[in-house]
Amino acid sequence: MPLSPDRLPDAYRQMLVIRKFEEAIRSLYQQGKIRGSFHPCVGQEATAVGGCWAVRTDDYLTCTYRGHGQALAKGLSVRAAMAEMLGKATGCSKGKGGSMHFTDPSVGLLGANAIVAGGLPHAAGAALAAQLEKSDRVALAFFGEGAVNQGVFFETLNLAAIWKLPVIFICENNRYSEMTPSHATTATVETYKRGGSFGIPASIVDGNDVEAMYQAVEAAVSRARDGGGPSYLEAATYRLWGHMMGDPEIYRTKEEVARAREVEPIVRLSRRLKQLGHSEDDLARLESEAATIIADAQQFAEDSPVPDPADALTDVFA
Amino acid sequence: MPLSPDRLPDAYRQMLVIRKFEEAIRSLYQQGKIRGSFHPCVGQEATAVGGCWAVRTDDYLTCTYRGHGQALAKGLSVRAAMAEMLGKATGCSKGKGGSMHFTDPSVGLLGANAIVAGGLPHAAGAALAAQLEKSDRVALAFFGEGAVNQGVFFETLNLAAIWKLPVIFICENNRYSEMTPSHATTATVETYKRGGSFGIPASIVDGNDVEAMYQAVEAAVSRARDGGGPSYLEAATYRLWGHMMGDPEIYRTKEEVARAREVEPIVRLSRRLKQLGHSEDDLARLESEAATIIADAQQFAEDSPVPDPADALTDVFA
Amino acid sequence: MTMLTYAQALNAALREEMQADTRVFLMGEDIGHHGGIFRVTQGLIDIFGAARVRDTPISEAGFVGMGIGAALAGMRPVVELLFMDFALVAADQIVNQAAKLRYMAGGTVSVPLVIRAQQGGGRGNGAQHSQSFESWFAQVPGLITLAPATPADAKGLLKSAIRAGNPVVFVEHKLLYNTKGEVPDGEYLTPIGKAEVKRIGRDVTIVSYSRTLLSALEAAELLAQNGIEAEVIDLRTIEPLDMVTILESIKSTARLLVVHESHANCGLGAEIIARVYEQLPNALVAPARRLGAKHVPIPVAEALEHSVLPQTADIVAAVEAMFD
Amino acid sequence: MTMLTYAQALNAALREEMQADTRVFLMGEDIGHHGGIFRVTQGLIDIFGAARVRDTPISEAGFVGMGIGAALAGMRPVVELLFMDFALVAADQIVNQAAKLRYMAGGTVSVPLVIRAQQGGGRGNGAQHSQSFESWFAQVPGLITLAPATPADAKGLLKSAIRAGNPVVFVEHKLLYNTKGEVPDGEYLTPIGKAEVKRIGRDVTIVSYSRTLLSALEAAELLAQNGIEAEVIDLRTIEPLDMVTILESIKSTARLLVVHESHANCGLGAEIIARVYEQLPNALVAPARRLGAKHVPIPVAEALEHSVLPQTADIVAAVEAMFD
Ligand SMILES: Cc1ncc(C[n+]2csc(CCOP(=O)(O)OP(=O)(O)O)c2C)c(N)n1
Ligand SMILES: Cc1ncc(C[n+]2csc(CCOP(=O)(O)OP(=O)(O)O)c2C)c(N)n1
Ligand SMILES: [Mg+2]
Ligand SMILES: [Mg+2]
C-alpha cells in the first residue's frame, strides 16, 4: 500500500523536523553545549520517515547512534530528544544515554545502539516475543551497511529466517563506514544479497524517496504480520555530512557531495509536492512549523535542569 | 590433479590409522584411562586424508576438537597424539591441551580448536602471513556445518574474500551439531552457498570419497597458490559414532546409521582398491600395518610418564 | 522435601516458573529434544512445547541478544550457554547490552533475562571449557551474578533469578550436577544477595561458593580434627555481595580465607579482602588469604589440573598457616 | 629528546618497529588512508603501503583472530580496536584464543600479537564507549597488559610490546592522546613489568596508571600544600604486576591508595591491596584504600560522568581521610 499523497505534507514536515534537529545540534555542539558523540543523519531522513511511518506505534524499533531520524519519526518527543543531547535531567534517558542511545518504549523504541549491529538481535528478539504472544506486532531493525560485516548480523539473520520472525532488517547503505568506503571492506556491496543468502525476501530500494521507502517497508510489514517471516531491505542513501563532528571528509570529493545534494530526500520531496500542486507558500509554512517545533524543543532543553550527580547511581536495576 | 592410484594403498593405511586411533581411544576411555572430552571422527577419515594430502607439510592447517584425523593426516606423530590423549608428558602438548587441541607447527598444524569456528580466522591469518611474505603457502580451515551459524565464520569469509587470501574453507557436513540435526538450525542447509554469497568459489564434494576430496581440495589449493584467492568446499559426510562418549543418539535411527555404514569412506576405498586389482591380502596387510602403528603408539603412551605438577606453570609465555 | 540432584533441582525450578508464568521461555543448544547436555532441561519440551523450549543454532551472540530483545518486549527468557566459556562469543550482548540498556535508557526499559551456564574445571575439559567467570561478571555493573552450591539453592536461586526482573548471570558448576540434596517442594525462593553460614566455627571464617564450597566444608572437617573450628560461609550471590554476613563472622573468628575457582588475580577473594580491610581494619589477627586458580590456563592432564585448581588440602594448609 | 604528544609517540613507535622488522604490520578500522580516528597511524600507509597498514571491515573478532593466525605463522601483527569496548565482540579471540593457544600447545607455538585500543571516560561518549577493561584482562592468564600514562612510555612500552613475542593488550586512554611530553628519540624501550616512582614522598603511596596517574600527580601537589607528601607510582604494566616497587614504597610511607578508572569491584586496586596485606601484613598504619569507577555504567551528562569516575578531589579526600 503506498503512502497516500495527502500525508506527504506531514512527511515533509517530519523530515524537516529531523533535518533541523540535526542542524540545531550541530550549532549547539559548536557552541560547546554538547559533549560526547554526534552522528548526524542529514540526508537520510526519507529512510527514517518512510520506514517508521509504515509501522504502528506499538511496533518495535531498534536503530543505531545515527538514528535520531528514526527515533523522532517513530514518535520520540523532540523535547526529550533535544534535552538528552544537552545532557539534561528531562532527556529521554535523563542524561544517562546521550546521543547514541535514544530510547522510548512508549513508542516502541527499544533503543538506539552504539555497537555496530548490536541492536539487530534485540529487534529479532522483540519479534520473537510478538510471535510467542501471538500479537501481530512487528519489529524494525535499522543499521548501516558497515554492520553487514559484523558476526551478530549474520547470526540474527539466520535465527530470524529459521524461526520466521516478524522482523524487517533495514540496511541504510550510505556508502561509507566512518571514513572508509564500504566497497573496500565488503565482499558483496549489494548487502541485500546477504539477506537473500538466508532465504529471506531481500530487495533494494531508493532510500531517498520517502514514498518508495514507505511502500517497500509497508509490504514487508504486512507480510510479517501475516506470518510471512522476516524481510531484508537495503535502502540506498547518502550521508551528506561527515561521520561525526570534525570529520575532515578526505575520503570523498566535494563534487560527490554536491551531486548527492541534488537528489537528497527533502529536495526530492519538495519537488514532488510541487508536482502535486502544493505552492511555495505551503512548503514554506510546513518548514516554519518544523522550525517552531525545534525552537520550542531547544528552549525546553536549554531551560531544563542538569541531572543531580546523585542520580548517577539510580536506574541500574528495575 | 587427481590422487594417483598408486598412492591409494597408502591413503587406505592412513585412513585405517585414523580409524584405529579413535577405536583405541574409545577403549582406553572406557577403561577410565582418558579424562575430559573425546569427539571421534569415525566415518570422516576421507575428508581428513583427501584434504590434508592435497597440501604440503609446510602449508597451514586449523581444525576442530573432532580433528584427530586431519592432525594425523597432516603428519602429527601418532605417538605424540596418543600420549596427549592419555595426558602424558610426551604428548604433543605435554598433557596441557588434550583431545581438543592437537598442535604441531612442524607439520603446519597451528591448532585444533574447541570453540566452534574459533580456528577459522587463524587459518585466514596464516594465509595472510603467506601472502605478505610472498610465499606460496596456503592454509586449510576444517570446521563442521554447525560452525556456519557462528559470527566469526562470516567475518572470516568476508575478510578472506576481500583480501583474496590463499585459504581453503572445508566444511565437513556430517549432518549433526551435537545432538541437533543441522537443518533445524540452519536457514541454508547447503552451506557452500554461504561461501558463494561472498563471491568465493564454492562447491560441494562427496566427503566419503577420498579421491574426490583430494581432487577438489587440490584444485582449490593450486588456485590459491596462483593468487586466485580463497575457496569454500562443503564435504558431505557422516558421523558414524556419537558426538562424544556417552551420546545416547536419540536424534537418529539405527537404520540411518546402518545405511551410512554401507557408504562410509574406508569401505568405499577398499572396494575401489579391489577394483584396481589389489587382493584381500594386500588390504589385510595394510590393515595390520595400521594396527601395528597404533599398538606401538599406545605402548609408547602408556609407558610415558605423567607430567610433573610443577610444569603446570610453564609454557604460558614465550 | 525431596532428595534431588542439582540438575533435577534446576529442572524443577524451570518447570515451576514456566508453569507459573507464560512469559518464561528457554533458548539454548540441544536443550529441547535432547534435554540438555547436562539433562537440566530434560522433559521440558514435552510439557511446554518447542515454542517455549527452543533449540538454537550455534549463535550465542545472536540468541543471547534475542533474549535481551524478548526481555525488553516483556518476556522472561532463560538462555543457556553450554559452557560459561562461550559467554566470550556473546560478551558484547552480555556486557555492553544486557547490563547497560536499562541505565542508558534512564530506567525506561528493563531486561529480565537469565543467562545460565555451567563452568569450572575438574573434568579435564581443557582451557576453553573449564574457566570460571564470576569474578569477571562481578566487575560489570548492571549484572546480578548467582552461584548456588547446593540443590536447594540451585532451585531457590533460579526461581528468584527468573523473577528478578533484571539481567542475571546464573553460574552452575559441571561437577555439581550430580550432587544430591534435600530440596523444598514447590514454592521455594532463595533470596538474592544473602549469604548463608553453612558451618559454625569460632576460629576462622572460610568464604566460598559453588563447587569449592564443598571443598571448604571438607577442609573444615579435617581442620576440626586438629582442633580448628572453621565457620564456612556460602556466598550464593556473587554480586551484590553480602558483606554483612562476612563481617559478622570475622568479628568472632578474626581470621579470613576466601576460596574460589576463578583465577585469584583481580578475583572475588581480592575484592572481599579489600572490603574487609576497608570496613573492619582491625578485626583480623592473621592476614586475610584467598585461594583461586593459579595464573595459568586450565590444563587437561589430571596432575596438572589438580595443581592449578584449589584443592581441599590447599584450604587446610592455608588455614593452618594462619595459626603458626 | 623531542616534545611529542602521546599519539605522536605511539606513531613513532609503530614507524620505528615497522622499519626495523618487516614482520610487523597493522590492521584496524580507518587506520590506513584516514590515519586513524585518533591519528595514531597517521602517515604510516604512505611509508609502508596498504599491505602493511590494512583498513579492515567492522569485524573485530575476524581481524583479531587473523592477527592471531598471522602471529602463529611468524608475523608481528599490531591490531587496533577503535574503542576498548569493542574488545567484547572479539573477546573469544582475545581470551579463549590469543591468551591460551601457546599453553594448550605445550609451548610449541607462540602468539606475538599486540592489541591496541583506547579506553576510558571523560568525554561523554556513553556506557558503550567509555569502559576500562584492564582489570578484566588482568584476570586472564596468558595476556600481558600495559597502560602507559606518558608519551615517553607510550613509545617505550609499545616498542617493547611489539618485541615481547607474546599476546599484549596495550591500553591507551582517549584523554591522553593530546598530552605532550619529552620522548627519547630512536631506540627507547620501557621495560615490561617495571613500575616507576613519578614523585617521591614520605607520607602516603598513591599507585595509579594511565589517565588517573595525572590526577594522582595533581592530587599530590594539592596534598603537599597541606603538608602531606605523597609518593606517586606509575604502574605502567598492569600484568605482570610490579609488587616490589609498591612494597618498597609503602615500607616507608605506611599508607596506600590505589586509583584507577576501571570499576572498583574486583579491580586492580583490590588485587594490590590483597597482595599488600598478604606480603607485608603489618606495614600500614592506616587501612589501604582504592578508588575506581562507581559500580554503574558510565553516564553521558557531565555532572553524572564526573561523579562516577574518580576525580582529583576524590584522591585528595581519600588520602586526607588516612590522616584523621
Ligand atoms: C563493534 C563496533 N566496531 C566499531 C565501531 C566504531 N564505529 C562506529 S560507527 C562505525 C561505522 C559504521 O558504519 P555503517 O554501519 O555504515 O553506519 P553509518 O555510520 O554509515 O550509519 C564504526 C566502525 C562500533 N561502534 N562498534
Ligand atoms: C562457540 C561454541 N558454542 C558451542 C560449543 C559447544 N559445541 C561443541 S561441538 C558442537 C557442535 C558442533 O557441530 P558441527 O560444527 O557440525 O561440528 P561436528 O561436531 O559435527 O564435527 C557444539 C555446539 C562450542 N564448542 N563453541
Ligand atoms: Mg554507512
Ligand atoms: Mg556436524
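Reminder, nothing fancy here: chain letters follow the sequence lines and each chain counts from 1. Remember, it's a predicted structure, so these values are computed and weren't measured experimentally.
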Q: Dump the intermediate steps for side-chain contact (heavy atoms from CB on, under 4.5 Å) on D:Tyr103 and B:Thr314, then the final yes or no.
A: CA-CA 8 Å; D:Tyr103 188 83; B:Thr314 63; 6.0 Å; no
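- Contacts between B:Glu84 and chain D at a heavy-atom distance below 4.5 Å are absent for every atom of the residue.
- The candidate from D:Gly165, D:Gly142, D:Ser110 with the greatest count of non-hydrogen atom pairs under 4.5 Å with chain B is D:Gly142.
- Contact check for D:Asp92 versus B:Val152: no side-chain heavy atoms found under the 4.5 Å cut-off.
- Judged as a side-chain hydrogen bond (donor to acceptor under 3.5 Å, both in side chains), and not counting sequence neighbours, D:Asn166 has no contacts.
- Within residues 129-138 of chain D, no residue has any heavy atom closer than 4.5 Å to a heavy atom of chain B.
- Distance alone, capped at 3.5 Å, is enough to place a donor-acceptor pair between the B:Lys94 side chain and the D:Gly106 backbone.
- Under a 3.5 Å cut-off, the side chain of B:Tyr60 and the backbone N or O of D:Gly69 do not form any donor-acceptor pair.
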Q: Run the numbers on B:Leu128 and D:Met27 for side-chain contact (heavy atoms from CB on, under 4.5 Å), then give the verdict.
A: CA-CA 11 Å; B:Leu128 173 60; D:Met27 291 191 279; 4.0 Å; yes
In residues 161-168 of chain B, what donor-acceptor pairs under 3.5 Å come from side-chain atoms, sequence neighbours left out?
none

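- Ranked by heavy-atom pairs shorter than 4.5 Å toward chain D, the options B:Ala130, B:Ala112, B:Gly97 are led by B:Gly97.
- Heavy-atom distances place no part of B:Thr62 under 4.5 Å from chain D, backbone and side chain included.
- In this structure, no portion of B:Ala123 lies under 4.5 Å from any heavy atom of chain D.
- Below 4.5 Å, heavy atoms of chain B meet heavy atoms from D:Ala51, D:Arg54, D:Asp55, D:Thr56, D:Pro57, D:Ser59, D:Glu60, D:Ala61, D:Gly62, D:Phe63, D:Gly65, D:Met66, all part of residues 50-67 of chain D.
- For the pair D:Leu101/B:His122, a side-chain contact is recorded, criterion being any heavy-atom separation below 4.5 Å from C-beta on.
- Of all the listed residues (D:Ala164, D:Ala71, D:Pro167, D:Ala73), the one sharing the greatest number of non-hydrogen pairs under 4.5 Å with chain B is D:Ala73.
- Residue B:Leu132 touches chain D through its side chain alone, counting heavy-atom pairs closer than 4.5 Å.
- Interface summary for chain D: among B:Thr156, B:Leu110, B:Ile115, the most heavy-atom pairs under 4.5 angstrom belong to B:Ile115.
- Looking at B:Ala89, neither its backbone nor its side chain comes within 4.5 Å of chain D, counting heavy atoms on both sides.
- Interface residue D:Leu143: only backbone heavy atoms are found under 4.5 Å from chain B.
- Taking 4.5 Å as the limit, every side-chain heavy atom of D:Thr22 sits out of range of all side-chain heavy atoms of B:Glu133.
- Residues B:Pro121 and D:Gln93 meet the side-chain proximity criterion, which asks for heavy atoms closer than 4.5 Å.
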